[in-house]
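Atoms considered below: every heavy atom in the structure, side chains included; atoms not considered: hydrogens, waters and symmetry mates. This is a predicted model, so every value here is computed, not measured. Reminder, nothing fancy here: chain letters follow the sequence lines and each chain counts from 1.
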Amino acid sequence: MKWSQFFNTSIGKKLLVGATGFFLCAFVIVHLAGNISLLKDDGGEAFNTYAAFMGHNGFIQFLAWGLKVIILLHAIIAIVLTVQNQRARPVKYAVKPGNKTSSWYSRQMAVMGSILFIFLVIHLSQFWWAMHYGDIGTVSYGAVTEVGNLYEVVYAGFAQLWIVVLYVLGMIALSFHLIHGFKSACQTFGLNHKKYNGILNFIGIYLFGILIPVGFAVIPVVIYLKQI
Amino acid sequence: MKLTLKVWRQQNSQEKGRFETYQVSDVSKDMSFLEVFDVLNERLINEGKDPIAFDHDCREGICGMCSMYINGRAHGPWDETTTCQLHMRAYNDGDTIVVEPWRAAAFPVIKDLTVDRTAFDRIIQAGGYISVNTGNAVDANAIPIDKHDADAAFAAAACIGCGACVAACKNSSAMLFTSAKVSQLALLPQGHPERKQRALNMVAQMDKEGFGSCTNTGACEAECPKGISLTNIARLNREVLVAGLSSE
Ligand code: HEM
Ligand code: SF4
Ligand code: FES
C-alpha cells in the first residue's frame, strides 16, 4: 500500500490525528513550564529572558513554525474525519442513549477542539504576533540587554476581565479534549494493555486533564488578581 | 402489562419512513421482546394490515439477526443481550417503547426494522479468511499455540456480526466488528501468512462501505451482545500500522 493510500484510510488519518495530538501534548507541558515564570515577582526578568531565548534560538524557531503546521494538520484532518462520521449516519435516531454507553466529553472532541482553535487564534494574535511583529517595549537585565518586554504585554492583557474569562474557558475545553484525547491517541496507536492502562489513564486524566489546564488557567487569574 | 410501542415503519429503502404507535395489552413479563412483536403482528394480519418486518432467526442469541434499536439502546437496556434474549420483565406496565432500525448509511433499511447488513459480508470477503489446501483434517494439536492467544482468538471469534456496534457508535463505525474478525485470525499461526494484506484490505473495504471512523468512545463495547473488547480495536490499529509502514 502506497503512503497516499495508507493515509487515506480511516485508520491512517486517525494515526495522523493521534501523532499530531501527541506532539501537541508534549508541547503543552513545555509551554506551561516556561510560562509559569510569569508569576515570579521579578519584574519579568525570568520570563522575558526565557521568551527572548525562545525567540532567537534557530532550532526552537523551527519547532515553533512546525507547531503551527501541526495544529493546522491536526484540526483539518480531525474535521475531515468528523464530517465523514456525520455522513455515515444520514438519518439520526429519535431516542439517543445519552451518557449510558459513552462519556459526554468523548463525544464532544470536535466541539472542544473547535473552541480550542478559536482560543488559539485569539491567543496567538494577542501575544505571539505582538512579540514578533508588534511594537513592544524593550528592557535590559544585566548581561541580557534590549529584550522585548512581553511580560508587560501579558500583564496588560490579563488586566482585562473578559480576556481572563476567555482563557479559563479555553482551558476547560483543553481539559475535556485531553482527558479523552490522550487515552484515545494511545488506543489509536494500539497501546491498550492491562499492565499499562492504569498509568496511561492516570496521565490522561491527572496530568493532561487536570494539572496542565489548571496550571495554565491559574496564570491569567493570578495576574488579574494581582492588579486589582 | 399494557405497553405503548412506537415503531419505525418504512415501505422500502426509497420511501421516507415514520413512527406508528401501537397499544399492546396482556403482555406477560415472561415474554421475550420478539414475542411481543409476534403477537402484535398477528393482530395486524387479522386486521388486514401490513405486519411489521423485523429480522430474527435463532431466537437464542447466536445468529445476530434480531437488530432493533430500543429506547436509544442497541438490543435494548440489558448488557450483553440480543433482542431475542431481552425479556419483558425489563419493562413496567404503562411504559412507552420506541423501536428503530439500525441507522447507518452502510446499513440501508430494507423494510421497517430490517436493514441490509451485506456490507459486513463484503468486509469478510475482503480478507476475513485463511487460504488453505484442503485435504485430510490436520491433527488439532499439530501446531503449538499459546493458551492466552488461543483464548483471545476465541473471544474475538464470538462476534456474531449483529451490527450493534455500528448501531451504537455515534460515527456508525464498524471498527469493533472488523477488529474482531481481523483479531481471530491475526492471533493464530494459520492467519499469519496473509496477515498484512488482510488488515489493509478489510479496513479499505470498511471505509468503502461508508462506515465512519473510530473516536474511541467505547459505545460499541458497551452494547456488544458478545462482550467483544476494545483491545481488539487496539490490535487492529497495530496490525494496520505495521502493515501500512512495511508493505510496498
Ligand atoms: C486546534 C484546534 C483543535 C481541534 C479542532 C481539534 C480537534 C480534534 C478532534 C476532532 C479529534 C478527534 C476526536 C476523537 O478522536 O475522538 C482530536 C483528537 C485529539 N486531539 Fe485535538 N483538536 C485541536 C487541538 C488540540 C490540542 C491543542 C491538543 C493538545 C494539546 C490536541 C490533542 C489531541 C489528542 C491527543 C487527540 C486524540 C487523537 C486520537 O484519538 O488518536 N488537540 N482533536
Ligand atoms: S462486535 Fe459485537 S456488536 Fe459488533 S457485530 Fe460483533 S457481536 Fe455484534
Ligand atoms: S434472533 Fe438470533 S441472535 Fe436474536
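- Note that CD of A/Gln86 and NZ of B/Lys170 are 7.0 Å apart. Values are rounded to the nearest 0.5 Å.
- The 12-atom threshold is exceeded at NZ of B/Lys111, counting heavy atoms of other residues, nucleotides or ligands nearer than 6.0 Å.
- Under the 3.5 Å distance criterion, the side-chain polar atoms of A/His193 are left unmatched by any main-chain donor or acceptor of B/Thr231.
- Under the ring pair (Phe, Tyr, Trp, His ring centres under 6.0 Å) criterion, A/Tyr155 pairs with A/Tyr151, not counting sequence neighbours.
- The closest side-chain heavy-atom distance from B/Leu245 to A/Trp3 is below 4.5 Å.
- Rounded to the nearest 0.5 Å, atoms OG (B/Ser247) and CD (A/Gln5) are 9.0 Å apart.
- For a residue to count as touching a neighbouring chain, one of its non-hydrogen atoms must lie under 4.5 Å from one of that chain's; by this rule A/Lys13 does not touch chain B.
- Put simply, the side chain of A/Arg89 never gets that close to the backbone of B/Ala104: no donor and acceptor are under 3.5 Å apart.
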message: Is there a side-chain contact (heavy atoms from CB on, under 4.5 Å) between A/Lys92 and B/Arg103? Walk through the geometry before answering.
response: CA-CA 7 Å; A/Lys92 311 291 175 208; B/Arg103 300 229 186 259; over 6 Å; no

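- In this model, no donor atom of one side chain and acceptor atom of the other lie less than 3.5 Å apart for A/Ser106 and B/Asn216.
- Counting non-hydrogen atoms of neighbouring residues, nucleotides and ligands closer than 6.0 angstrom, the CZ atom of A/Phe176 reaches no more than 12 such neighbours.
- Here B/Leu230 is the residue among B/Val109, B/Leu230, B/Leu236, B/Val166 with the most heavy-atom pairs under 4.5 Å with chain A.
- Among the residues in residues 194-202 of chain A, none has a non-hydrogen atom closer than 4.5 angstrom to a non-hydrogen atom of chain B.
- Applying the 6.0 Å contact sphere to CZ of B/Phe19 captures more than 12 heavy atoms from other residues, nucleotides or ligands.
- Checked by atom type, the side-chain pair A/Ser10/B/Asp207 shows a donor-acceptor distance below 3.5 Å.
- Counting non-hydrogen atoms of other residues, nucleotides and ligands closer than 6.0 Å to NZ of B/Lys208 gives a total of 12 or fewer.
- Checking B/Asn237, B/Leu200, B/Ile233 one by one against A/Ile11, the side-chain contact (heavy atoms from CB on, under 4.5 Å) holds for a single residue, B/Asn237.
- Options A/Thr101, A/Asn192, A/Leu191, A/Asn8 differ in how many heavy-atom pairs under 4.5 Å they form with chain B, and the most are formed by A/Thr101.
- Your options are A/Ala88, A/Gly98, A/Ala94, A/Ser102, and the one with the most heavy-atom pairs under 4.5 Å with chain B is A/Ala88.
- For a residue to count as touching a neighbouring chain, one of its non-hydrogen atoms must lie under 4.5 Å from one of that chain's; by this rule B/Glu100 touches chain A with the side chain only.
- Taking B/Ser173, B/Ala105, B/Gly212 one by one and counting their heavy-atom pairs under 4.5 Å with chain A, the maximum is reached by B/Ala105.
- For the set B/Ala243, B/Ala168, B/Ser213, the count of heavy-atom pairs under 4.5 angstrom toward chain A peaks at B/Ser213.
- With a 4.5 angstrom heavy-atom cutoff, B/Tyr69 touches chain A only via side-chain atoms.
- Chain A forms the most heavy-atom pairs under 4.5 Å with one residue out of B/Cys169, B/Ser246, B/Gly17, and that residue is B/Cys169.
- Contact of B/Phe107 with chain A is not made at all, since no heavy-atom distance falls under 4.5 Å.
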query: Are A/Tyr93 and B/Val98 close enough, and set up right, to give a side-chain contact (heavy atoms from CB on, under 4.5 Å), and what steps lead you there?
result: CA-CA 10 Å; A/Tyr93 288 113; B/Val98 181; over 6 Å; no

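- Contacts of B/Pro77 with chain A are absent, with no heavy-atom separation under 4.5 Å from either backbone or side chain.
- With a 4.5 angstrom heavy-atom cutoff, B/Ala222 touches chain A only via side-chain atoms.
- No donor-acceptor contact under 3.5 angstrom links the side chains of A/Arg107 and B/Thr217, judged on distance only.
- Summarising the geometry of B/Leu241 relative to A/Phe189, their closest heavy-atom pair is CD2-CD2, 4.1 Å, with the distance given to 0.1 Å.
- Contact count versus chain A (heavy atoms, under 4.5 Å) is highest, among B/Ala167, B/Cys220, B/Gly210, for B/Ala167.
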